[in-house]
Amino acid sequence: MEKMNFPKGFRIYFPLILLFLLLVFLMPRSPKFNYDYKKGSPWMYETLLAQFDFPILKTDAQLLSERAAAGSSVIPYFRNDPDAAIRAEKALLSVDFGDNPSAKNEISGAISSIYSKGVLDESSTHDPLYGELGPDDVIYVQKDKRAVKQPVSEIYTLEHARKRLGDVVAAAFPEDDSDSLCTTLGLKDLLVPNLLFDRQTTEQLHEESVNYISRSQGVVRSGQVIVSEGEIVTAEIEQILDSYKVEYESNLGYNGPRAFQWLGNVFIAFSLVLILFLAILFCNYRIFDQYNKYLYLLLIFAI
């Protein structure tokens with residue numbers, strides 16, 4: 001069996017080093033969106049189809065507009081105090097209704113109905129943070145560890161709650177003056193606001209609504225036509241193309257440290273050159289002595 005020797009001499013390894021460097025620099029490092037387009041100009045390429053699902057990103061102008069709108073509209077947050085109704089019911093038990101004890105049940109039912117909807121203090125219906133609360137506005141009310149939106153029109157102010165209680169007293173005692181009777185029996189003092197304004201949570205929700213606005217609006221599905229050949233690039237198409245470009249370069253690219261990417265390319269290029277060298281060595285090592293054939297083989301490999 002003929003003995004195989006590793007080739008010696010710089011001229012054998014120098015072309016391999018050049019081939020290695022060539023492969024390193026020829027390897028792709030990041031994808032490029034090879035389309036040039038401008039709003040108002042025709043699409044000069046073939047019909048472009050989405051290769052994957054991607055979100056349509058909002059423009060900077062849209063984001064600024066939405067943040068401004070969110071900053072100008074604040075929904076106040078209130079916490080429900082369940083003890084307010086309990087205190088009112090306990091205080092009602094000690095009230096003496098004289099010859100009409102059945103009125104106590106009617107008034108108790110009215111108090112329960114009022115507190116089930118909620119009672120706002122007049123001082124909390126206007127705040128510098130959110131302005132004046134009107135009947136068309138809504139508020140957040142936390143009940144049983146859940147925050148729900150509730151129209152202000154369905155909630156009592158303290159003034160309206162006392163008027164509602166006065167109407168019930170007037171119906172129970174038609175021959176007496178309801179205002180005087182409520183004052184004498186202390187019924188108006190039974191009602192206190194049970195929806196308490198939470199400024200800290202309101203400010204936190206306001207800040208989140210401004211800072212956490214979604215950057216996307218809608219989705220383009222894989223295979224969907226983005227723009228057809230010869231079609232005029234409108235503002236809407238340009239926005240979709242910009243979104244596709246961002247997602248394309250992010251989806252197909254590498255977002256880690258650049259040094260790791262270079263190391264990976266170096267490893268792959270070295271492996272390819274080593275495989276070629278070993279293939280020549282084990283298959284026909286005499287090619288190293290036929291320098292022209294050796295260089296020709298490296299050239300073919302590089303191409």
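- For residues 229-242, no residue pair satisfies the salt bridge (charged side-chain N to carboxylate O under 4.0 Å, His left out) rule, not counting sequence neighbours.
- A donor-acceptor pair under 3.5 Å links the side-chain atoms of Tyr291 to the main chain of Arg11, judged by distance alone.
- In this structure, Leu263 and Phe267 have side chains that are not in contact, with every pair of non-hydrogen atoms separated by 4.5 Å or more.
- Atoms CG and CG, on Leu26 and Asn265 in that order, are 10.5 Å from each other to the nearest 0.5 Å.
- With a 6.0 Å radius and a threshold of 12 heavy atoms from other residues, nucleotides or ligands, Asp289 has its CG atom above the threshold.
- Using a 4.5 Å cut-off between side-chain heavy atoms of Ile, Leu, Val, Met, Phe, Trp and Tyr, with links allowed through other members, Leu274 and Leu21 fall into the same hydrophobic cluster.
- Partner of Phe301 under the side chain to side chain contact (heavy atoms under 4.5 Å, CB included) criterion, chosen from Leu276, Ile280, Ile275: Leu276.
- Side-chain contact between Arg87 and Asp81 is present, with heavy atoms from C-beta onward closer than 4.5 Å.
- Gln150 places a side-chain N or O within 3.5 Å of a backbone atom of Lys117 that can act as its donor or acceptor partner.
- Hydrophobic clustering (ILVMFWY, side-chain heavy atoms < 4.5 Å, transitive): Val227 and Val246 are in distinct clusters.
- A perpendicular orientation is assigned to the rings of Phe270 and Phe20, their planes being inclined by more than 60° (bins at 30° and 60°).
- With a 4.5 Å cut-off on side-chain heavy atoms, Leu241 and Trp43 count as touching.
- Both Tyr248 and Tyr45 sit in one connected hydrophobic cluster of ILVMFWY residues. Membership requires side-chain heavy atoms under 4.5 Å apart, directly or through other members.
- The NZ atom of Lys149 lies 12.0 Å from the CD1 atom of Ile139; values are rounded to the nearest 0.5 Å.
- Shortest non-hydrogen contact noted between Leu295 and Pro15 is CD2-CG, 3.7 Å.
- Residue pairs meeting the salt bridge (charged side-chain N to carboxylate O under 4.0 Å, His left out) criterion with at least one partner in residues 212-228, sequence neighbours excluded, are Asp53-Arg221.
- In this structure, Leu48 and Tyr37 have side chains that are not in contact, with every pair of non-hydrogen atoms separated by 4.5 Å or more.
- Using a 4.5 Å cut-off on side-chain heavy atoms (C-beta onward), Pro42 and Ile232 make contact.
- Expressed to the nearest 0.5 Å, how far CD1 of Ile111 lies from CG of Leu92 amounts to 5.0 Å.
- Residues Phe197 and Val148 do not share a hydrophobic cluster, clusters being chains of Ile/Leu/Val/Met/Phe/Trp/Tyr side chains in contact below 4.5 Å.
- Val233 places none of its side-chain heavy atoms less than 4.5 Å from the side chain of Ser41.
- When every heavy atom of Pro55 is checked against every heavy atom of Ser216, the shortest pair comes out as CB-CB, 3.7 Å.
- Cluster annotation: Val273 is not connected to Tyr296 through the hydrophobic network of ILVMFWY side chains, with a link wherever side-chain heavy atoms come within less than 4.5 Å.
- Looking at Leu195 and Asn80, their side chains come closer than 4.5 Å, going by heavy atoms from C-beta outward.
- Minimum heavy-atom separation, Pro151 to Val138: CA-CG1, 3.9 Å.
- Atom CG of Asp36 has 12 or fewer heavy atoms from other residues, nucleotides or ligands within 6.0 Å.
- In this structure the side chain of Phe78 reaches within 4.5 angstrom of the side chain of Leu120, judged on heavy atoms.
- Atom CZ of Arg79 and atom CD of Gln142 lie 4.5 Å apart (nearest 0.5 Å).
- Looking only at distances, no side-chain donor or acceptor of Ser113 sits under 3.5 Å from a matching main-chain atom of Gly109.
- When every heavy atom of Leu57 is checked against every heavy atom of Ser243, the shortest pair comes out as N-OG, 2.8 Å.
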- Query: How far apart are the C-alpha atoms of Tyr244 and Phe52, what are their side-chain angles, what is the distance that settles it, and do they pass the ring-ring contact (aromatic ring centres under 6.0 Å, His included) test?
  - Reply: CA-CA 9 Å; Tyr244 185 52; Phe52 42 77; 5.5 Å; yes
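- Atom OH in Tyr13 sits 15.0 Å away from atom CG in Leu18 (nearest 0.5 Å).
- Remark: of the listed residues Val192, Ile114, Ile155, Ile114 is the sole one forming a side chain to side chain contact (heavy atoms under 4.5 Å, CB included) with Val119.
- Summarising the geometry, atom CD belonging to Gln204 is positioned 7.0 Å from atom CD belonging to Gln200; distances are rounded to the nearest 0.5 Å.
- Screening Tyr285, Phe288, Phe14 for a ring pair (Phe, Tyr, Trp, His ring centres under 6.0 Å) involving Tyr294 leaves a single residue, Phe288.
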